A.B. asks: 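Have a look at this one before I ask anything.
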2 protein chains.
Amino acid sequence: MTARTSTESARDIPEATVARLPVYLRALTALSEAGTGTCSSEALAAAAGVNSAKLRKDLSYLGSYGTRGVGYDVDYLRYQIAREIGVTQDWPVVIVGIGNLGHALANYSGFRSRGFRTVALLDADPARHGEMVAGIEVQPFSDLESIVAEHGVAIGVIATPAVAAQAVADRMVACGITSILNFAAGVLSVPAGVDVRKVDLSVELQVLAYHEQRKAQGELA
Amino acid sequence: MTARTSTESARDIPEATVARLPVYLRALTALSEAGTGTCSSEALAAAAGVNSAKLRKDLSYLGSYGTRGVGYDVDYLRYQIAREIGVTQDWPVVIVGIGNLGHALANYSGFRSRGFRTVALLDADPARHGEMVAGIEVQPFSDLESIVAEHGVAIGVIATPAVAAQAVADRMVACGITSILNFAAGVLSVPAGVDVRKVDLSVELQVLAYHEQRKAQGELA
DNA sequence: AGGAGTTTGTGAACGGGAGAACAAAACGGA
DNA sequence: TCCGTTTTGTTCTCCCGTTCACAAACTCCT
Ligand SMILES: NC(=O)c1ccc[n+]([C@@H]2O[C@H](COP(=O)([O-])OP(=O)(O)OC[C@H]3O[C@@H](n4cnc5c(N)ncnc54)[C@H](O)[C@@H]3O)[C@@H](O)[C@H]2O)c1
Ligand SMILES: NC(=O)c1ccc[n+]([C@@H]2O[C@H](COP(=O)([O-])OP(=O)(O)OC[C@H]3O[C@@H](n4cnc5c(N)ncnc54)[C@H](O)[C@@H]3O)[C@@H](O)[C@H]2O)c1
């Protein structure tokens, strides 16, 4: 929006790099827990499953945190990446649609341990209200506005059926949520300034099926 | 492997296009159910949430299934895409790790309706054996080999904790599975010829957090 | 102090995908 | 039959991301 004259970490990081930083972060955490103090770009790249040149270029967008001839300090680099992607702070999250998938998400401990705190579970079905899931009570969807206002929620997760997803997204956007993780099928339309990421398991399986079919065809030749 | 002298559909489709074909397929299904017989690239692109030029280029890799001045026949195009990505046939699938996420996946009807049939639910924990989930009995993980052989399974889904994922993948590969959908964190190492797709929900949230943080920084300036 | 050995950070070449723009083709009406 | 309209299929250009390759920088050993 405005010109970016601020302090450090003001350079804009390529999207492809942003998507890999969490992978590096996880690999560094594993190394740290294993007692490793220092690692080379080669070793970290192997742990993260990427090319080492790509890793070094990715890290170079953050700054020069390595030492030539030595490598990277695991804990220091871990902190720098965590700070850059914003997981040093605590992100309140609401999950809407507590069905099969919503239950699994609510019970997933990996979110909490990475800086995401589920502050509410919402569902439109009155039969679900009051149920305790992972220590949190399922509340009516109509409580969305007050909860978002109270906790300053910026991130919402949609796990409702596809037909309800757009309406849920509209409500979320209206009350100030600016990032949405969507598990429902179909495209969400949201105003500019709101980020949507979509996870579509059917697409993943269908891509696998395509390649599988090609393998089978090849064998006939 | 060998030169590709076979019949039609022998051209190789770009990966980015392959990943979008399932999206077009879903949009076409919705149009068909709404009674639409014909649609333009513009209309279909809007329904799928992509640029119309991109859509036309994607479809051109399959062949010339449209009619200039008219558009595409919805059902005909739907069949052509389904055939190309291999969802006209039935794909048997095994799910390993029937915990929170495994339950949700087993209960998900969207897989069955898109040509994927869950033939077995496997778990290493004896306490889970015999439990019925979505009409299927949870079986011991050691039954993997016989089930894969019996049903000709080519696609496996891993929903175990991260520590077990590599071992599960090794067993899958050893008994002939050549496509894996992995929900566990960390990188899987598999031999060439085996496709792995990874779904990492934490990464998705962290990417959202990164952009969210940048938005917040911008407001201070 | 100096040289050999490592490893980072980055410039440059390369490849693939996105989007604009247009020619070719089909249709409909006169 | 012919012309205007619509929409596809494709070409061309640009941009982003990947990878190679190497100079700069640091450590360690003699
Ligand atoms: N279960 C899976 O493994 C899986 C996999 C891929 C995609 N999905 C998608 O995720 C979504 C949820 O799947 P599921 O299996 O959990 O479905 P589900 O039917 O079990 O749960 C949906 C929940 O959303 C609630 N809901 C419906 N309308 C609502 C509204 N307007 N506001 C708030 N809540 C509402 C329902 O009461 C229900 O509890 C679906 O869109 C599905 O396509 C699920
Ligand atoms: N629940 C979620 O929403 C969610 C989200 C993102 C990622 N994940 C990932 O998905 C995986 C599963 O998550 P979950 O919440 O279902 O965990 P969970 O602990 O509820 O379930 C794991 C299941 O795997 C079984 N298992 C363990 N070792 C096994 C082995 N060697 N062979 C076969 N089965 C084995 C366990 O008995 C258990 O039933 C984890 O890796 C998790 O990080 C889960």
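Just so you know, these numbers use all the heavy atoms, side chains as well, and skip hydrogens, waters and symmetry mates. Values in this document were obtained by computation on a predicted structure and should not be read as measured data. Reminder, nothing fancy here: chain letters follow the sequence lines and each chain counts from 1.
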A.B. asks: Identify the 5'-most and 3'-most nucleotides of DNA chain C with at least one atom closer than 4.0 Å to a non-hydrogen atom of chain B.
C.D. replies: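 Listed 5' to 3', the contact boundaries are C/dG17 to C/dC27.
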A.B. asks: Please list, chain by chain and in numerical order, all residues satisfying side-chain hydrogen bond (donor to acceptor under 3.5 Å, both in side chains) with B/Lys54, sequence neighbours excluded.
C.D. replies: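 Counting only residues at least two positions away or on another chain, B/Lys54 forms no side-chain hydrogen bond (donor to acceptor under 3.5 Å, both in side chains).
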A.B. asks: Once side-chain hydrogen bond (donor to acceptor under 3.5 Å, both in side chains) is applied, do any residues pair with B/Ser32, and if so which ones, sequence neighbours excluded?
C.D. replies: B/Asp75
A.B. asks: Among residues two or more places apart or on two chains, list those pairs meeting side-chain hydrogen bond (donor to acceptor under 3.5 Å, both in side chains) that have a residue in residues 153-169 of chain A.
C.D. replies: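 As it turns out, the side-chain hydrogen bond (donor to acceptor under 3.5 Å, both in side chains) pairs with a partner in residues 153-169 of chain A, which skip direct neighbours, are A/Gln166-A/Asp170.
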A.B. asks: So, using ring-ring contact (aromatic ring centres under 6.0 Å, His included) as the criterion, who are the partners of B/Tyr76 when residues are at least two apart?
C.D. replies: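 Testing B/Tyr76 for ring-ring contact (aromatic ring centres under 6.0 Å, His included), a comparison that skips the adjacent residues, returns B/Tyr65.
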A.B. asks: Just jot down the side-chain hydrogen bond (donor to acceptor under 3.5 Å, both in side chains) partners of B/Arg20, sequence neighbours excluded, or say none.
C.D. replies: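 Residues passing side-chain hydrogen bond (donor to acceptor under 3.5 Å, both in side chains) with B/Arg20: B/Tyr24, B/Asp58.
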A.B. asks: Would you mind reading off the bend of the helix from C/dA1-D/dT30 to C/dA30-D/dT1 from its two end axes, five pairs each, to 10 degrees?
C.D. replies: 0°
A.B. asks: Identify, with sequence neighbours excluded, every residue that meets side-chain hydrogen bond (donor to acceptor under 3.5 Å, both in side chains) alongside A/Arg112.
C.D. replies: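 A/Arg112: no side-chain hydrogen bond (donor to acceptor under 3.5 Å, both in side chains) contacts found.
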A.B. asks: Among residues 24-59 of chain B, which ones have heavy-atom contacts with DNA chain D below 4.0 Å?
C.D. replies: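 Under 4.0 Å from DNA chain D: B/Ser40, B/Ser41, B/Arg56, B/Lys57.
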A.B. asks: Under 4.0 Å, heavy atom to any atom of DNA chain D: which of residues 194-206 of chain A qualify?
C.D. replies: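 The stretch gives none, as no residue of it lies under 4.0 Å from the strand.
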A.B. asks: Under the ring-ring contact (aromatic ring centres under 6.0 Å, His included) test, which residues partner A/Phe183, sequence neighbours left out?
C.D. replies: none
A.B. asks: Can you give one letter per nucleotide of nucleotides 23-30 of chain D, going 5' to 3': B for a protein heavy atom under 4.0 Å from the base, S for sugar-phosphate only, - for none?
C.D. replies: -BBBS---
